[in-house]
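Below, chains carry the letters A, B, ... as their sequence lines are ordered, and counting in each starts from 1. Just so it is clear, the values below take in all heavy atoms, side chains as well, and ignore hydrogens, waters and symmetry mates.
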Amino acid sequence: MEKDVVIIGGGIAGTHAAIELADLGRTVAIIERKASIGGKAAQLGRFFPTDDCALCFSLCTSMFKSRGFRKCLYRSNIERNPNIEILTLSEVTEVKGAIGNFTIKIKQQPRYVNANCIGCLACVDACPIEVPNEFNFGWNTRKAIYLPFPMAVPHWVVVNRTDCRDCKEECKTACPTDAIDFNAKAQDITVKAKAIVVATGFEELNPSALREYGYGMYANVITQIQLARMLDPTGPSQGIPILPSNGEPAKSVTIALCVGSRDSRYKEYCSRICCTYSLKHALMLKEKGVEVRICFMDIRTFGEYEDYYIRSREEGVIFLRGRIAGIEEDPITKKLLLKIENTMTSEFMEVEEELVVLTPALIPADGSSKIAEILKLKTDENGFFMGNEAKFSQIETEIPGIYIAGTAESPKDIPDSITQGTATAIKINQAIK
Amino acid sequence: MVVGVVICDCGEKLGNIIKYDKVINAIQELKAPIKKISNLCLAAGIEEIKKFVESESIDKLVVGACTPKFIEYTLRQALSTVLEFEFVILREHIAWPNKAEPEKATKKAIILLKTAIAALEVKAKIDQEKYEVDQSVLIIGGGVAGIQAALDLAANVKVYLIEKDENLGGNLRNMGKVFPGDFLIQEILQDKIKQLESNSNITVYKNTKIVDIYGNPGSYEITLETPSVNSTEIIKTGAIIVATGIEESKPYHLDLGYGKSQDVILQTDLARMLKDGKVVVPSTGKKPESVLIGNCINCRDENHFYCSKICCTYSIHHAIELIEDGIEPIICYMDIRTPYKYENLYREAREKGVTFIRGKLQSVEVGPNNELIVPVENTLTNEIYELSPDLVVLSSALVPAAGSEKLAEMLGLNLKESCFISDLYSKTNPSQTTQRGIFLAGSAFTPMSIQESMSHASAAAVKALKFLREGILTRDLLVPTIDEDLCNGCATCRDTCQFNAITMIVQTNTDTEIVQKASVDPTKCRGCGTCSAVCPTGATQLANYQRGVIFTKIETMMKAIKAEKWEEPVILALTCEECGSCGVDIAGLAGFEYPANVFTIDVPCAGRIGVIDILKAFVEGADAVLIVQCPEKSCHYMFGSHNANLVVQFTKDILTEIGFESSRLANVEMVSSDPDKYVKAIQDLNKVIEEVGSNPNK
């Protein structure tokens with residue numbers, strides 16, 4: 001396969017790089033290791049600064065010449081763009097060559113479902129196997145054959161073969177278009193490309209190492225992405241924040257900021273966007289009548305996001321300056337007892353709380369270090385990819401022909417990720433013939 | 001004119017819910033050719049439709065299948081002979097949400113298909129028009145963003161760079177070392193300026209002002225004035241990038257001694273001193289022993305609500321430079337906002353002994369001997385200190401550069417609440433303005449660090465290059481037409497349009513009367529149709545969403561509902577094609593089930609819905625009307641959703657006035673991933689109808 005550009009990571013930044021490059025007449029391949037593009041946005045539900053869907057994408061202007069300039073992922077028709085090829089369930093295993101002449105080896109895991117899938121979901125109804133849905137942190141179930149999420153692109157179901165046990169391939173019988181093929185094997189794909197964009201994204205630090213918060217031990221201590229799943233109307237609790245211990249709606253929530261970030265024991269840096277998305281969540285919770293308390297160090301709603309801070313205070317969110325020193329759980333009621341030092345009054349307080357939402361440090365996505373090794377790219381001490389310092393650029397790297405975009409470079413908000421994804425397009429357009 | 005119908009049962013799976021034979025019988029009664037297939041979205045299905053269209057010589061096609069968001073693009077590409085389409089969403093809007101009620105689902109499918117056929121009979125083919133695009137870009141502002149955008153674009157197109165000052169570089173010219181490392185920004189800047197000046201594709205105008213801008217996206221005429229050489233020049237460009245940047249506001253109006261004592265200075269002044277390697281107290285010319293830095297001056301308050309984003313980092317960066325020079329800095333702050341690795345600077349500063357006091361400066365008194373007295377409240381300890389630094393440095397709010405407001409007006413751009421230039425939609429299109437062909441780079445949009453400005457400028461360059469790329473701007477003419485006989489020249493449409501697409505053209509101008517008529521510029525219009533909703537005479541009609549088309553849909557729908565002996569109350573939903581219609585799709589895709597008695601009519605934007613359209617629905621016998629729209633804040637067409645809210649309120653007033661229950665009219669603001677709101681709105685309206693009874697016009 002020959003393409004102008006290979007984009008590693010089909011999240012918001014990578015997909016926008018693809019859209020812009022395709023519009024500039026370049027052919028691209030998006031390498032995505034999940035079954036659908038969309039990245040973290042698919043799980044997050046809502047985004048600041050506009051408080052609407054996470055899965056809103058710029059439109060390929062070369063495809064649509066009429067109304068609109070942004071569309072939901074599922075209606076953006078990215079997968080139908082003649083210049084864009086999406087390789088899902090794929091990971092880069094080897095890269096050789098230099099600008100203008102890279103050879104990228106890719107391992108593609110079988111989907112067991114081919115392009116004949118029409119999304120009728122008959123197979124899903126027929127499948128007898130239910131397993132916890134990892135997309136929703138196991139709070140609901142999915143079948144062994146499933147659509148990753150309602151807006152998934154490509155809009156095809158996928159089989160997790162390890163879940164298939166003792167079944168009679170009911171899905172295959174139910175499929176009207178013969179789209180299911182259990183003989184599919186993993187494939188090695190080689191792509192020749194002139195440039196590479198690394199847009200591998202971020203993930204939350206697993207806060208179970210921070211024992212004072214009791215994450216992983218106490219059912220009612222969750223993280224922001226877990227809260228985002230609860231707040232999603234199409235999520236496991238239909239948009240209602242619930243207590244995982246008993247499934248009851250939560251009446252009050254404490255959000256702890258800077259969990260593992262700005263902390264010399266874990267990550268020294270500030271994760272930049274957590275203050276704002278915590279406040280976005282706080283406002284959404286308030287809208288649902290939930291009391292919200294936020295334990296913070298500094299509120300960093302920089303730029304015009306200050307608006308969120310102003311609105312949160314107006315809506316009655318309680319701000320408490322101080323870190324949570326420890327959490328204890330009542331083993332019977334599962335209520336949590338928080339120990340907090342209020343650094344404004346120098347008082348030590350103990351507060352009872354139903355649900356605690358941790359805001360963990362944001363770290364490079366799992367597998368970033370492997371990509372760095374494969375591409376011989378420089379990362380900073382935290383594992384994020386580094387721009388070209390000599391050029392003072394965030395998107396060009398020290399290796400000509402390799403570019404970075406989005407949260408692979410450092411934690412950042414959606415507009416900044418999209419800006420970088422978009423910006424790589426012009427650099428590439430200049431650099432390759 | 002033959003209107004054909006294709007229906008797909010999605011691999012025969014929808015056949016369990018919708019009785020396709022009944023549907024086919026009902027459509028055949030209308031004498032419309034109809035074909036049922038099972039795999040419309042696959043290549044084989046498309047081939048079948050092609051043959052069907054050819055053999056029945058079909059001109060316009062109704063497609064009843066899954067949501068057009070999946071199939072419309074492919075169908076339009078494959079069926080170039082079909083003049084116009086109408087889509088009925090059998091899967092996501094009918095079958096899946098009404099799984100438990102097959103009979104109703106079947107009736108609903110018939111009703112909506114009949115409506116679509118009638119609509120196509122009055123819909124026309126949409127023409128395309130092409131406009132030439134001048135292959136050059138005007139960049140306004142020679143700061144780092146402007147320079148970066150020019151360098152990025154010059155490989156492909158001609159660039160004109162306008163700078164009002166005598167030198168390029170903007171704010172960067174006054175800077176020495178800058179974060180994130182200790183970069184010597186002058187080296188980087190000079191290198192870029194050298195590249196710029198040696199590039200034959202870039203023409204730089206210094207000391208130059210823009211006097212006038214005239215024209216359309218693709219061909220602007222810009223009048224430039226360079227007073228220093230007494231010249232005026234007109235240049236032509238296809239696109240414009242606004243890179244006017246920021247400046248530090250001058251807080252004369254605050255009680256901070258600024259303007260009273262020369263020893264109260266701004267960060268930009270300190271930056272200049274640090275760059276020159278000599279920090280002095282202006283009144284004495286001596287090196288200060290202590291410097292008090294006040295952050296968040298003039299911002300995060302009633303003057304400027306926003307945070308200026310980069311001042312925390314540069315004030316700490318400056319403080320480190322000061323302490324290394326043996327000067328004692330104290331920083332008074334509200335919150336320290338040093339994102340990502342800049343946190344390292346904050347830590348370094350504390351380790352090196354910079355004093356941080358949490359408390360905003362409220363006043364600076366100037367003593368009899370010009371000494372500075374600064375009372376500071378430490379909000380962490382509730383103590384009040386009285387400090388007497390040698391020098392006070394204010395980190396004053398960063399505001400749009402002088403003159404950008406006037407420029408925005410000239411270009412027809414809106415300003416945000418923060419007075420920075422508004423973008424079209426900040427989440428996905430941060431470099432695009434509300435005007436097609438005009439783009440934003442750097443801090444003209446919002447305060448940014450140098451690196452962010454450069455990335456933002458490159459993104460603007462991409463958008464501009466895309467716009468110029470084909471040399472031709474192709475537009476589907478999904479724009480309003482204006483009936484000049486009906487137009488009374490009131491200019492309401494012009495004032496409503498957020499994209500400046502409507503101008504009033506004076507036809508006669510005598511002493512006794514001025515006759516002016518509206519005129520639409522298709523290069524600027526985005527096709528929301530809000531102008532048609534506000535037009536008092538019905539002169540402005542959006543193509544394919546004319547009043548006639550909407551009325552036909554409503555009439556046919558209500559007739560079909562009667563013909564199908566639909567017994568339940570009828571909710572007519574007018575849904576915007578953006579988040580509204582998508583939200584209904586997602587409801588189906590995500591497995592929501594809701595009452596079957598809701599019938600949707602799509603409009604491009606809720607702004608298209610006028611009072612008369614809602615009243616028409618009630619006249620025809622709808623028991624309730626639901627407007628489904630995007631939230632005001634994220635309307636895809638800026639003003640449409642707001643206009644819809646006004647229309648709903650006004651219509652409710654009218655209904656109350658004529659003694660008709662206004663509770664029959666409701667609107668729901670939702671984004672695509674809010675299907676629950678749609679479901680709830682339908683349930684609520686059903687309750688209302690239960691209370692107030694059915695529409696007496698029925």
message: I'd like to check the salt bridge (Lys or Arg N to Asp or Glu O under 4.0 Å) partners of A:D51; sequence neighbours left out, ordered by chain and number.
response: A:R311, B:K633

field: Listed partners of A:K427 passing salt bridge (Lys or Arg N to Asp or Glu O under 4.0 Å), at least two apart
entry: A:E396, B:D152

Minimum side-chain heavy-atom gap [X]-[Y] below 4.5 Å:
X      : Y      : result
A:R321 : B:L380 : yes
A:I299 : B:R337 : yes
A:Y74  : B:C582 : yes
A:E304 : B:F445 : no
B:S673 : A:R46  : yes
A:R300 : B:T338 : yes
B:E343 : A:E268 : no
B:K463 : A:S58  : yes

task: Among the options B:K192, B:M334, B:R347, B:R91, pick out the one with the most heavy-atom pairs lying under 4.5 Å from chain A.
output: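 Top option by heavy-atom pairs under 4.5 Å: B:R347.
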
Let me know if [X] has heavy atoms under 4.5 Å from chain A in its side chain, its backbone, both or neither.
X      : value
B:C635 : backbone
B:D674 : both
B:D191 : neither
B:P430 : side chain
B:R358 : side chain
B:S431 : neither

Under 4.5 Å from any heavy atom of chain B, what part of [X] do you find: side chain, backbone, both or neither?
X      : answer
A:Q430 : side chain
A:N429 : side chain
A:F296 : side chain
A:K412 : neither

Considering all heavy atoms of both residues, which atom of [X] and which atom of [Y] are nearest to each other, and what is their separation?
X      : Y      : value
A:P233 : B:F592 : O-CZ, 3.5 Å
A:F392 : B:M454 : O-CE, 3.4 Å
B:F70  : A:N77  : O-OD1, 4.0 Å
A:F302 : B:P339 : CE2-CB, 4.4 Å

query: Checking B:K427 side chain against A:C53 main chain: does a donor-acceptor pair fall under 3.5 Å?
result: yes

query: Could you walk me through whether A:D298 and B:Y346 pass the side-chain hydrogen bond (donor to acceptor under 3.5 Å, both in side chains) check?
result: CA-CA 12 Å; A:D298 294 278; B:Y346 184 23; 4.6 Å; no

- prompt: When you look at B:Y340 and A:N382, which way does the side-chain hydrogen bond (donor to acceptor under 3.5 Å, both in side chains) test go after all the steps?
  reply: CA-CA 10 Å; B:Y340 190 47; A:N382 308 311; 3.2 Å; yes

